[in-house]
Amino acid sequence: MTVFFEILGSLYLFFTFRGFHWDSSKSVYHAVFHSVSAFCNAGFSLFENSLMDYEYNLNINVVVSFLIIMGGIGFPVLSDIKKNMLKRNGFKRLTLHSKIVLTTTFSLLAIGLIGFFIAEYQNIMAGYSFSERLFSSFFQSVTTRTAGFNTIDNGLLSKGSVMLSVVLMFIGASPGSTGGGVKTTAVAVIVVSVFAMFGKNRDVNIYKRRVPDSIIKRVMALIAIAFIVLFIMIFLLFLTDDFSFEQT
């Protein structure tokens, strides 16, 4: 599965890089490297300013975003989609895990897109057209959560975008994926638990399936440990580095 997506991404990126009048060997090298980096949610680039020179290039943005998302939703979900889509069973036949991952992933992508669109409307994207704002906001939403590429200058992001980036990076990708974070499923359980707490039905149900209390406790413990570790690390950075909060 890894080889399939990375070869597919390499082919598309190769013809894109060839369009910039690079020779074949250089185009192959850059295509394979960035395809592997994107699918593995590594975010490493061979260019000094990541992908900022290709901010408006449709192929680069679409292919890299696609690879990041495929690597970020996890191999169990990819296998489940393959099995059910080939049989034309559709979304209803997917496992509960796959439904939670896909719903949460697309929700976070939408939240990130809207958040960056609003936060950078009069900042980095002040002179952009509507479609350019939409394009850049979507790529930033995709890459911030699980990868590390950028098509806009992260050093010029507004404070709102910085906060949004921190939240998205903290959540990260999904279980069994190539990305990090506390995972989308953990956040989904916490969010549904909060709504259940204030609702009439105190049981936590997701897609008509009850989430056991043991799972909820494990998720809460995971989130708590992550917060504690982050707090300690940020505190130590403040003690050792003379930078502002955004730079730290």
Side-chain angles (χ1 to χ4, degrees), residues 38-39 41 43 61-62 64-81 84-85 90-121 130 133-151 157-158 160-199 201 203-211 215-216 218-220 222-223 226-227 230:
F39 183 77
N41 280 252
N61 281 265
V62 171
V64 172
S65 296
F66 173 77
L67 291 171
I68 292 172
I69 294 172
M70 291 300 101
I73 62 177
F75 294 103
V77 177
L78 292 174
S79 298
D80 194 27
I81 292 174
N84 284 279
M85 292 307 174
F91 183 80
K92 293 183 179 180
R93 294 291 183 177
L94 294 175
T95 64
L96 178 62
H97 172 79
S98 296
K99 291 179 180 178
I100 294 174
V101 167
L102 292 175
T103 302
T104 308
T105 296
F106 289 117
S107 298
L108 290 172
L109 289 174
I111 292 171
L113 187 155
I114 296 170
F116 285 117
F117 187 92
I118 295 173
E120 299 303 324
Y121 194 89
F130 178 81
R133 284 191 174 104
L134 205 64
F135 213 59
S136 297
S137 298
F138 177 73
F139 187 85
Q140 195 70 12
S141 177
V142 172
T143 188
T144 300
R145 230 181 70 243
T146 58
F149 296 106
N150 61 284
T151 55
L157 290 175
S158 65
S161 292
V162 172
M163 176 173 285
L164 179 60
S165 298
V166 170
V167 173
L168 292 175
M169 287 189 289
F170 178 77
I171 296 172
S174 303
S177 71
T178 59
V182 296
K183 307 306 180 187
T184 54
T185 48
V187 172
V189 170
I190 289 294
V191 171
V192 175
S193 299
V194 170
F195 279 103
M197 183 184 301
F198 294 101
N201 186 5
D203 290 335
V204 178
N205 298 300
I206 303 178
Y207 288 107
K208 299 181 180 180
R209 296 282 297 275
R210 182 179 177 275
V211 180
I215 297 295
I216 298 174
R218 288 171 59 185
V219 169
M220 292 177 64
L222 171 67
I223 300 292
F227 267 118
L230 280 176

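Atom set for the values below is all heavy atoms of this structure, side chains included, hydrogens, waters and symmetry mates excluded.
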Determine whether a donor-acceptor pair (N or O, by modelled atom type, separation under 3.5 Å) exists between the side chain of S165 and the backbone of T144.
no
Are side-chain heavy atoms of N150 and F139 found at a separation under 4.5 Å?
no
F138 vs F117, ring-ring contact (aromatic ring centres under 6.0 Å, His included): CA-CA, chis, key distance, verdict
CA-CA 8 Å; F138 177 73; F117 187 92; over 10 Å; no
Find the distance between CD1 (I68) and OG (S141) and round it off to the nearest 0.5 Å.
10.5 Å
Would you give the length of the straight line joining atom CZ of R145 to atom CG of L164, rounded to the nearest 0.5 angstrom?
11.5 Å
Checking the side chain of R133 only, and the main-chain atoms of Y121 only, is there a donor and an acceptor separated by less than 3.5 Å?
yes
Run the side chain to side chain contact (heavy atoms under 4.5 Å, CB included) check on V142 and F66 step by step: do they pass?
CA-CA 9 Å; V142 172; F66 173 77; over 6 Å; no
How many angstroms lie between CG in L94 and OH in Y207, if you round to the nearest 0.5 Å?
9.5 Å
Please name the pair of heavy atoms, one in N41 and one in G179, separated by the smallest distance, quoted to 0.1 Å.
CB-CA, 4.2 Å
Rounding to 0.5 Å, atoms CD1 (I215) and CZ (R210) come to a distance of 11.0 Å
CG (L96) and NZ (K208) are apart, to the nearest 0.5 Å, by 13.0 Å
Look up atom CZ in F227 and atom CG in L222, then write down how far apart they are to the nearest 0.5 Å.
10.5 Å
Go through the steps to decide whether T184 and S174 satisfy the test side-chain hydrogen bond (donor to acceptor under 3.5 Å, both in side chains), and finish with yes or no.
CA-CA 5 Å; T184 54; S174 303; 2.8 Å; yes
Any donor-acceptor N/O pair, T104 side chain to A188 backbone, under 3.5 Å
no
Is there a donor-acceptor contact under 3.5 Å from the side chain of S161 to the main chain of A119?
no
Heavy-atom closest pair (G172 atom, T146 atom, distance to 0.1 Å) is C-CG2, 3.5 Å
Determine whether a donor-acceptor pair (N or O, by modelled atom type, separation under 3.5 Å) exists between the side chain of T103 and the backbone of K99.
yes
Does V189 form a side chain to side chain contact (heavy atoms under 4.5 Å, CB included) with M220? I'd like the steps, not just the answer.
CA-CA 9 Å; V189 170; M220 292 177 64; over 6 Å; no
Does the side chain of S158 pick up a donor-acceptor pair with the side chain of E120 at under 3.5 Å?
yes
Backbone N/O of F149 and side chain of T143: donor-acceptor pair under 3.5 Å:
yes
Could you tell me if T95 and S98 have a donor-acceptor pair between their side chains, going purely by distance under 3.5 Å?
yes
Test side chain to side chain contact (heavy atoms under 4.5 Å, CB included) on I171 and K183; report intermediate values, then the result.
CA-CA 6 Å; I171 296 172; K183 307 306 180 187; over 6 Å; no
Determine whether a donor-acceptor pair (N or O, by modelled atom type, separation under 3.5 Å) exists between the side chain of D80 and the backbone of P76.
no
Other residues, nucleotides and ligands only: do more than 12 of their heavy atoms fall within 6.0 Å of CE on M163?
no
Kindly determine whether V187 and V182 satisfy side chain to side chain contact (heavy atoms under 4.5 Å, CB included), including the steps that lead there.
CA-CA 8 Å; V187 172; V182 296; 4.1 Å; yes
